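Accompanying notes for the structure given below.
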Amino acid sequence: MNARQDPRPIIPIRNAYELPAPTSRDDLTRVGRGTPMGELLRRYWHPVGLSTDAGDTPREVQVLGETLILFRAGNGEPGLLYPRCAHRGTSLIYGKVEDDGIRCCYHGWKFGPQGQCLDQPCEPEGGKMRHKVQQPGYSVAERYGLIWTYMGPPDRQPVLPQFEPLEHLAEGEFLEADDQSIGGGGPVVIDCNWLQHYENVVDPWHVLVLHGTFSGVQFTDMMLRAPTISFDYTPIGVKVTSLRTLDDGSIFRRVTEASLPTLRVVPNPRVGQYARVESIGFVLPMDDTHFRIYTVARVREKGELTAFRSRQGGKLWRELTPEEHRQYPGDYEAQVGQGAITFHSEEHLATTDKGIAMLRRMLAQQLDVLAAGGNPAGVSFDPAEAMIRFEAGNFHDPLVG
Ligand code: FES
Ligand SMILES: [Fe+2]
């Protein structure tokens with residue numbers, strides 16, 4: 001058929017030259033102190049390292065756009081301090097950890113894990129006024145093999161939550177913590193905005209396309225059956241229910257949740273067993289354009305959690321050549337491919353993006369709650385109510401009738 005006989009109307013190209021300047025949802029993406037989302041995130045506890053990261057070598061951690069120094073005094077107490085020494089500003093990364101605190105390299109002032117100044121060796125009598133000096137820092141706690149911090153206003157500090165999937169272990173189960181960004185599909189530190197990953201948790205359709213074809217088949221064949229999908233709000237997030245009919249007519253029901261503030265509650269897509277969700281991923285925004293993921297799981301064998309890592313084109317992400325990254329893209333390529341912070345003004349959300357629209361709406365509502373002086377969903381000030389529960393898991397619904 002030549003061009004004249006083609007019945008399709010000729011539509012002129014949408015010329016990219018005429019694209020308006022792009023914009024992003026700064027309210028939802030930016031994490032610095034004083035930004036709307038930065039303040040919302042600061043109302044929750046976040047993991048900043050494995051328990052073993054807090055040791056006698058000071059370690060720099062990047063959290064919500066801030067650089068902090070993590071260490072553990074010889075007496076076992078962890079500390080997370082502002083890096084600039086309260087004396088004249090040298091970084092405590094060069095400090096030496098002692099039995100009761102960290103000593104600055106420059107003039108030797110020593111600070112306890114709570115920031116109290118314990119020694120000023122060049123001052124007469126070790127500093128008669130030293131008790132008036134305190135190095136700033138943040139509250140820390142330890143749970144599930146992770147170090148947690150609260151970086152918000154002190155009078156709004158909630159209790160450190162407990163997560164039901166990580167409690168009540170069955171016989172033979174134990175918890176394993178991982179800091180390698182499992183689920184991110186790439187390196188440990190991922191160079192794009194955290195929300196691009198968080199939204200992916202409630203984007204079930206990409207499983208069929210990205211993970212089912214482009215990446216090579218990453219999960220079980222069962223995951224590639226076309227699902228019936230529904231999206232619902234939970235008290236602290238958005239849940240996705242995917243129903244797949246099995247050969248005998250029974251139903252494989254998979255529930256995935258994105259929960260406040262940054263939790264990925266995703267059942268293992270490769271495990272053939274039916275169970276409540278076995279792991280929780282905590283997405284940590286390091287700054288506006290970098291994040292990493294800490295994960296804790298119930299396991300039965302040491303190293304089981306690391307084995308959750310998926311493959312692209314049959315290889316681990318770090319084994320791929322640049323050409324193979326192009327040929328077998330996974331979550332990392334797709335999400336970093338959206339840009340450091342995606343241009344929301346250029347999106348065309350469709351019906352299958354309902355989960356993403358719901359999640360953004362929920363986050364925006366929480367910003368409103370904060371702006372009105374309230375406390376966001378999911379925080380508790382009563383230790384008796386610190387348990388967070390989820391519906392996520394892989395379930396088998398028997399034949400009806
Ligand atoms: S700058 Fe730290 S002790 Fe002087
Ligand atoms: Fe994915």
Side-chain angles (χ1 to χ4, degrees), residues 30-35 37-74 76-86 89-98 101-105 111-115 134-152 154 157 160-161 177-184 186-195 197-198 261-264 280-296 340:
R30 305 266 175 185
V31 299
R33 193 150 38 114
T35 62
M37 183 53 69
E39 290 301 314
L40 176 61
L41 292 170
R42 278 170 174 74
R43 295 298 187 87
Y44 297 88
W45 288 84
H46 297 271
V48 295
L50 300 174
S51 275
T52 48
D53 288 342
D56 57 10
T57 302
R59 177 186 280 250
E60 231 174 42
V61 295
Q62 313 288 334
V63 193
L64 304 180
E66 300 185 35
T67 300
L68 300 165
I69 304 296
L70 177 66
F71 67 98
R72 188 189 299 273
E77 199 184 334
L80 186 65
L81 297 179
Y82 182 70
R84 292 178 55 81
C85 172
T90 286
S91 174
L92 293 180
I93 192 67
Y94 303 112
K96 194 167 274 173
V97 175
E98 299 187 1
I102 184 169
R103 191 181 291 279
C104 176
C105 72
F111 305 99
Q114 300 292 326
Q134 198 173 10
Q135 180 70 13
Y138 291 114
S139 296
V140 289
E142 291 191 83
R143 181 166 286 166
Y144 306 133
L146 299 173
I147 302 272
W148 299 76
T149 189
Y150 171 79
M151 296 168 62
Q157 179 174 318
L160 178 66
D178 177 276
D179 65 350
Q180 298 293 301
S181 295
I182 291 173
V188 175
V189 174
I190 298 175
D191 45 343
C192 70
N193 184 258
W194 68 282
L195 188 59
H197 177 82
Y198 191 42
T262 66
L263 275 53
R264 31 173 295 129
I280 298 179
F282 304 91
V283 180
L284 178 71
M286 299 170 72
D287 59 23
D288 290 341
T289 54
H290 297 85
F291 70 90
R292 63 184 300 168
I293 306 167
Y294 290 96
T295 308
V296 184

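We use all heavy atoms of the structure for the numbers below, so side chains are in, but hydrogens, waters and symmetry mates are not. What you are looking at is a predicted structure, and each value in this text was computed from that prediction instead of being measured.
- The OG atom of Ser139 sits 5.0 Å away from atom CH2 of Trp45, with the distance rounded to the nearest 0.5 Å.
- Looking only at side-chain heavy atoms (C-beta outward), Ser91 and Ile69 come within less than 4.5 Å of each other.
- Under the 3.5 Å distance criterion, the side-chain polar atoms of Asp53 are left unmatched by any main-chain donor or acceptor of Arg59.
- With contacts defined as side-chain heavy-atom distances shorter than 4.5 Å, the pair Met151/Leu41 does not qualify.
- Tyr144 OH to Ser51 OG: the interatomic distance, rounded to the nearest 0.5 Å, is 12.5 Å.
- In this structure, Gln135 contributes its side chain and Ala86 its backbone to a donor-acceptor pair below 3.5 Å.
- Scanning all heavy atoms of the two residues, the minimum distance from Met286 to Val189 falls at SD-CG1, 3.9 Å.
- Every ring pair (Phe, Tyr, Trp, His ring centres under 6.0 Å) that Tyr198 has, sequence neighbours left out, goes to Trp194.
- Closest heavy-atom contact between Leu160 and Ala141: CD2-CB, 3.7 Å.
- Taking all atoms of both residues into account, the shortest heavy-atom contact from Ile190 to Gly184 is CD1-CA, 3.6 Å.
- Residues Thr90 and Arg84 fail the side-chain proximity criterion, which asks for heavy atoms closer than 4.5 Å.
- Of all the heavy atoms in Asp179 and Arg292, the pair that sits closest is O-NH2, 2.9 Å.
- For the pair His46/Tyr294, no side-chain contact is recorded, criterion being any heavy-atom separation below 4.5 Å from C-beta on.
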### Message
Let's go through Ile280 and Thr295 carefully: what are the C-alpha distance in whole Å and the side-chain angles of both, what is the deciding distance for side-chain contact (heavy atoms from CB on, under 4.5 Å) to 0.1 Å, and is it a yes or a no?
### Response
CA-CA 6 Å; Ile280 298 179; Thr295 308; over 6 Å; no
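- Side-chain atoms of Glu77 do not come within 3.5 Å of backbone N or O of Gln114 as any donor-acceptor pair.
- Looking at Arg33 and Leu64, their side chains never come closer than 4.5 Å, going by heavy atoms from C-beta outward.
- Side chains of His197 and Cys192 form no contact here, defined as non-hydrogen atoms less than 4.5 Å apart.
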### Message
Assess the residue pair Phe282 and Leu263 against the criterion (side-chain contact (heavy atoms from CB on, under 4.5 Å)); give the C-alpha distance rounded to whole Å, side-chain angles, the decisive distance to 0.1 Å, and a yes or no.
### Response
CA-CA 5 Å; Phe282 304 91; Leu263 275 53; 3.6 Å; yes
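- Listed for the Arg42 side chain is a donor-acceptor partner under 3.5 Å among the backbone atoms of Val31.
- Atom CG of Leu81 and atom CZ of Phe111 lie 8.5 Å apart (nearest 0.5 Å).
- Ionic pairing of Glu39 and Arg30 is not present here: no N-O contact between side-chain nitrogen and carboxylate oxygen is shorter than 4.0 angstrom.
- The one candidate from Ile93, Asp56, Leu92 that meets the side-chain contact (heavy atoms from CB on, under 4.5 Å) condition with Ile102 is Leu92.
- Between the side chain of Thr35 and the backbone N or O of Gly38, at least one donor-acceptor pair lies under 3.5 Å.
- In this structure, CG on Leu80 lies 8.5 Å from CD1 on Ile147, to the nearest 0.5 angstrom.
- Nearest heavy-atom pair across Ala340 and Thr289 is CB-CG2, 3.7 Å.
- Counting heavy atoms from C-beta on, the side chains of Ser181 and Phe291 never come closer than 4.5 Å.
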### Query
Checking side-chain contact (heavy atoms from CB on, under 4.5 Å) for the pair Ile293/Ile182: CA distance, chi angles, key distance, verdict?
CA-CA 7 Å; Ile293 306 167; Ile182 291 173; 6.0 Å; no
### Message
Before you tell me yes or no, could you show the steps for Thr67 and Glu60 under side chain to side chain donor-acceptor pair (under 3.5 Å), namely the whole-Å CA-CA distance, both residues' side-chain angles and the distance that decides it to 0.1 Å?
### Response
CA-CA 7 Å; Thr67 300; Glu60 231 174 42; 5.6 Å; no
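- Leu68 approaches Pro83 most closely through the heavy-atom pair CA-CD, 4.4 Å.
- In this structure, Tyr44 has its ring center at least 6.0 angstrom away from the ring center of Trp148.
- Looking at Glu66 and Tyr82, their side chains never bring a donor and an acceptor atom within 3.5 Å of each other.
- In this structure the side chain of Gln157 never reaches within 4.5 angstrom of the side chain of Arg43, judged on heavy atoms.
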